[in-house]
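Structure, as structure tokens:
Atoms considered below: every heavy atom in the structure, side chains included; atoms not considered: hydrogens, waters and symmetry mates. Chain letters run A, B, ... following the sequence lines, proteins first, then strands; residues in each count from 1.
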2 protein chains.
Amino acid sequence: MSDSPAPPATPANAPVRSPRPRDAEATKALLLRAATEEFAEHGFAGARIDRIAERAGANKRLLYVYFGDKQALFDAVVADQAVGVFRAAPMDDGDLVAFAAARFDYVLAHPEAGRIAAWRAFEQLAATETEIANFRSRVDAVAAAQRAGRVRADLPAIDLFAIVLRMTDSWISAPPALRAVGTTPPLSPTRLREHRAALLAAVRGVVEPHP
Amino acid sequence: MSDSPAPPATPANAPVRSPRPRDAEATKALLLRAATEEFAEHGFAGARIDRIAERAGANKRLLYVYFGDKQALFDAVVADQAVGVFRAAPMDDGDLVAFAAARFDYVLAHPEAGRIAAWRAFEQLAATETEIANFRSRVDAVAAAQRAGRVRADLPAIDLFAIVLRMTDSWISAPPALRAVGTTPPLSPTRLREHRAALLAAVRGVVEPHP
DNA sequence: GGCTTGTATCTAACTGGATAGTTACAACCC
DNA sequence: GGGTTGTAACTATCCAGTTAGATACAAGCC
């Protein structure tokens, strides 16, 4: 015990206490990212504040400083993810097939976005004005396409949109048991391409004008 | 077990703090029913054991005696609800339109069934053999209908089924914000009939044989 | 019938650990 | 100094699961 460096309480040689670089924006972003993963995996009730702080490598306190409480943090995550999905899947000219393709690709590349959206839909919280406005613009675009004869016009635009929206999630959010029915390897790229093609063909069947 | 015609008289008489009649089966059924409601509303993590016992007017302990723990209770609820949906929405001859109609009607009349199924799909638990077998029988029926020329055969049966399954939920599990886009009164019977018709027309567009 | 005993059903109160949120304070930078 | 950013320790509450025991009921025995 005499020849050992005998590290005292002072962290002379131990940089374990790597003092986080004082960067509020970076820390906030780290916390939001960690919260996104945690909420995506476990939902609101299942998510743990301590795990989020740990994931972010930040202190729990900062979470409350920057976001408020757990609910406010969840809302921030939801809003953030909604921006991403909304941008990634535009609906130019009410083209529902292109919309479905873009949304499918985005949610496949960002599974947490799909899960957050789904979990959000299941909490019985009131919709925000922003959310409603986003959806309304999409439904309006579909209605315009109907008037232009590019989309079948004998069904309400909002129903067409709601149906196609759900179709887009058909594989990503399918019951695990249904996915288990398919090929033994869970998710080969080939299989995924096949489903993507089937999805788009199905959407075409829904939206193409009917006699 | 959903076909128990014995006690159709619902025990809605008096959940007062009177000594519970000693009837194990009735208590068990009451607990299962209460758990179904609680899990449907709040999901697994959000559900509270104490609330379930209170809803059932039974003691918390009985829940552990009859079902095991929270997870086992959830599994029991899921299995029970799955039986109901499976029976209510058969798929004779791979008729996906009739399947969609029956499933839509059933889930509309039993919202908790749809919510339980959705919560179940969100937990990343492994699928049971029963679940897989149920889905496989449906997919096989679709494949048979394809061979018989009643359903378009240029898309994989499993994809067709997954897509139609999700379409069925398109209104029931639509984001609240999307539902808010529609008419101001949230859910009129007329609007519901309209959506049902649109859903079935859309399913027809998906499954009808293509040249 | 009355009494005992055994078992299934039910209850109130408790526990140990987890968890959201807080306080007190230190370090940094202007 | 003073505002900002960070950390550790703390608290009050909640909650799944348990303990210990009470009560109804039926079978067995007299």
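Of the charged side-chain nitrogens involved, none lies within less than 4.0 Å of a carboxylate oxygen, so that A/R33 and A/D80 do not count as a salt-bridged pair. Under a 4.0 Å N-O distance rule, the pair A/R55/A/E38 qualifies as a salt bridge.
For D/dG6, the OP1/OP2 oxygens have a side-chain nitrogen or oxygen of A/T27 closer than 4.0 Å.
Scanning for side chain to side chain contact (heavy atoms under 4.5 Å, CB included) contacts around A/A82 gives an empty result, with sequence neighbours left out. Applying the side chain to side chain donor-acceptor pair (under 3.5 Å) rule to A/S137 yields no partners; only residues at least two apart in sequence or on another chain are considered. Under the rule for a ring pair (Phe, Tyr, Trp, His ring centres under 6.0 Å), the partners of A/F104 that lie at least two apart in sequence or sit in another chain are A/H195. Scored by the side chain to side chain contact (heavy atoms under 4.5 Å, CB included) test, B/Y106 finds B/V85, B/A88, B/H110, B/A113 as partners (sequence neighbours excluded).
As rounded to whole Å, 14 Å separates atom C1' of C/dT11 from atom CG of B/L63. Residue B/L30 contributes atom CG, which lies 15 Å from atom P of C/dT9 at whole-angstrom precision. When the P atom of D/dC15 is taken as reference, atom CD of B/E38 falls 10 Å away, rounded to whole Å. Put simply, CG on B/L62 is 15 Å from P on D/dG17, counting in whole angstrom units. When rounded to the nearest whole Å, the span between OH of B/Y66 and P of D/dG17 equals 18 Å.
Comparing the helix axis at one end of the helix from C/dG1-D/dC30 to C/dC30-D/dG1 with that at the other, each defined from 5 consecutive pairs, gives an inter-axis angle of 10° (nearest 10°).
Seen from the ring of B/F99, B/R138 does not count as a face-on cation partner, given the 6.0 Å and 45° thresholds.
A distance below 6.0 Å separates the ring centres of B/W119 and A/F122.
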Between the protein and nucleotides 19-23 of chain C, list every N/O to N/O distance that falls short of 3.5 Å.
from, atom 1, to, atom 2, distance (Å)
C/dT19, OP1, A/R48, NE, 2.6
C/dT19, O5', A/R48, NE, 3.1
C/dA20, OP1, A/A47, O, 3.3
C/dA20, OP2, A/I49, N, 3.0
C/dG21, OP2, A/Y64, OH, 3.3
C/dG21, OP2, A/K70, N, 3.1
C/dG21, N7, A/K60, NZ, 3.1
C/dG21, O6, A/K60, NZ, 2.3

